[in-house]
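Below you'll find the structure, written out as structure tokens, and then a few comments.
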Amino acid sequence: MTADQTLESPAETSAATAAASGASATERFAADKSPFDAVKDTPPERVDRLARRVLEAVYDTIREEKVTYDEYNALKAWLIQVGKDGEWPLFLDVWVEHEVEKVATEHREGNKGTIEGPYYVPDAPEQGANGTIPMREGESGTPLTWKGTITSTDGTPLDGAKVELWHADADGFYSQFAPGIPEWNLRGTFTVGADGAFEIHTIQPAPYQIPTDGSCGKLIAAAGWHAWRPAHLHVKVSAPGHELLTAQLYFPGDEHNDDDIASAVKPELVLDPVDNGDGSVNVDYGFVLDPVRG
């Protein structure tokens with residue numbers, strides 16, 4: 001372990017703030033996705049229709065709920081502050097993305113997916129088909145061994161398919177979005193061979209609250225909501241000629257599986273861990289990817 005990978009104390013790690021995490025997520029999104037590139041060929045008629053539908057939904061709410069000027073100005077001030085805090089990725093990923101994901105993947109025959117969230121980073125270190133995710137010496141959390149295979153919808157193993165895995169640590173923090181954590185901590189890429197099989201060694205993450213010291217936290221407090229996400233593993237699973245699968249995998253018994261603040265939990269994504277009796281668990285969960293349609 002190098003000097004910059006020294007395990008930080010909880011006090012040092014907890015110095016992360018919503019504004020800092022939000023700013024990091026915004027910067028990462030801007031770097032990875034050029035504005036409007038994904039829809040640069042969208043006809044003006046489509047843009048007009050979507051913009052008008054969103055605005056009409058706002059108008060309907062104002063009319064039906066008799067929104068006052070005080071409430072309008074509070075909303076206006078809050079929206080401005082969301083931008084200042086850098087929390088638009090957090091807001092959209094927590095409260096909007098789950099519906100976009102449902103519509104975008106409703107045609108699939110293979111595995112169910114769910115939201116990506118704001119903390120994905122591409123090009124995590126390669127670990128092969130059987131490897132241990134990068135982690136600190138003495139990383140907190142229950143040791144987890146995860147085995148599975150990646151196949152196409154016809155059952156063919158997908159040679160060269162990749163599992164990109166990332167997740168929070170036992171304190172609920174993500175590397176590259178909180179201080180005092182090694183760059184690639186709990187982030188790795190696992191590439192399978194001809195049999196499509198993989199074996200990943202990591203730790204079981206803990207449930208955590210989304211950042212609450214910024215604008216999103218103000219909304220949560222004002223509305224009387226909770227800020228909890230159940231424990232989960234993030235994955236992106238890819239293979240040539242197949243659709244990318246983005247998912248989160250959850251653990252049974254978590255009290256927030258049924259009221260996840262991000263509304264991202266699906267029954268098909270809940271794992272079935274086996275307790276080894278030695279403080280570690282095993283999981284068997286594979287992936288079926290849909291071929292890209294012509």
Side-chain angles (χ1 to χ4, degrees), residues 18-108 112-122 177 210-212 214-225 227 229 234 236 243-248 259-266 290 292-294:
S21 295
S24 295
T26 298
E27 290 170 7
R28 177 73 62 178
F29 183 87
D32 293 344
K33 298 178 177 66
S34 299
F36 304 114
D37 274 1
V39 291
K40 62 185 177 181
D41 297 323
T42 302
E45 295 80 10
R46 176 68 172 169
V47 177
D48 173 71
R49 176 177 175 80
L50 293 178
R52 288 183 182 277
R53 287 290 304 274
V54 170
L55 290 172
E56 284 298 334
V58 174
Y59 303 155
D60 287 344
T61 300
I62 292 171
R63 288 189 289 261
E64 293 171 11
E65 298 298 331
K66 304 298 183 186
V67 172
T68 67
Y69 253 106
D70 285 344
E71 291 168 334
Y72 167 73
N73 285 328
L75 172 63
K76 186 174 180 179
W78 180 78
L79 291 172
I80 292 170
Q81 192 61 45
V82 171
K84 288 182 177 180
D85 289 347
E87 286 197 5
W88 279 118
L90 179 65
F91 173 82
L92 293 168
D93 292 347
V94 168
W95 286 297
V96 179
E97 187 185 356
H98 62 92
E99 287 299 323
V100 178
E101 187 278 329
K102 286 179 187 176
V103 171
T105 63
E106 60 188 6
H107 65 281
R108 290 186 177 175
K112 294 288 186 181
T114 191
I115 65 174
E116 176 180 310
Y119 300 131
Y120 168 68
V121 179
F177 294 91
I210 66 169
T212 57
S215 299
C216 289
K218 296 287 196 303
L219 173 62
I220 290 168
W225 300 340
R229 295 228 57 216
H234 293 266
K236 281 182 177 290
E243 294 187 24
L244 172 68
L245 173 70
T246 301
Q248 297 178 17
D259 64 355
D260 173 22
I261 183 65
S263 302
V265 181
K266 300 177 182 179
D290 285 68
V292 174
R293 298 184 178 185

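Source: prediction; values computed, not measured.
A salt bridge is defined here as a Lys NZ or Arg NE, NH1 or NH2 lying under 4.0 Å from an Asp or Glu carboxylate O, and Lys66 with Glu71 fails to meet this definition.
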Verdict with supporting geometry, Asp93 and Glu116, side-chain contact (heavy atoms from CB on, under 4.5 Å): CA-CA 8 Å; Asp93 292 347; Glu116 176 180 310; over 6 Å; no
Working for side-chain contact (heavy atoms from CB on, under 4.5 Å), residues Val121 and Phe177: CA-CA 10 Å; Val121 179; Phe177 294 91; 3.7 Å; yes
Intermediate values then yes/no, side-chain contact (heavy atoms from CB on, under 4.5 Å), Asp85 and Leu90: CA-CA 10 Å; Asp85 289 347; Leu90 179 65; over 6 Å; no
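Side chain of Lys266 to backbone of Gly113: a donor-acceptor contact under 3.5 angstrom is found. Between the side chain of Glu97 and the backbone N or O of Ile115 there is no donor-acceptor pair closer than 3.5 Å. Trp78 places a side-chain N or O within donor-acceptor distance of the main-chain N or O of Ser215, the cut-off being under 3.5 Å. Panel note: side chain Thr114, backbone Ala264; a donor-acceptor pair is recorded below 3.5 Å.
Thr42 contributes atom OG1, which lies 8.5 Å from atom CG of Leu50 (distance to the nearest 0.5 angstrom). In this structure, Leu55 CG and Ile62 CD1 are separated by 9.5 Å, a value rounded to the nearest 0.5 Å. Residue Ile210 holds its CD1 atom at 9.5 Å from CG of Asp260, rounded to the nearest 0.5 Å.
No side-chain heavy atom of Lys218 sits less than 4.5 Å from a side-chain heavy atom of Gln81. The closest side-chain heavy-atom distance from Trp95 to Leu219 is below 4.5 Å. In this structure, Gln248 and Arg229 have side chains that are in contact, with non-hydrogen atoms separated by less than 4.5 Å.
Around atom CZ of Arg53, no more than 12 heavy atoms belonging to other residues, nucleotides or ligands sit under 6.0 Å away.
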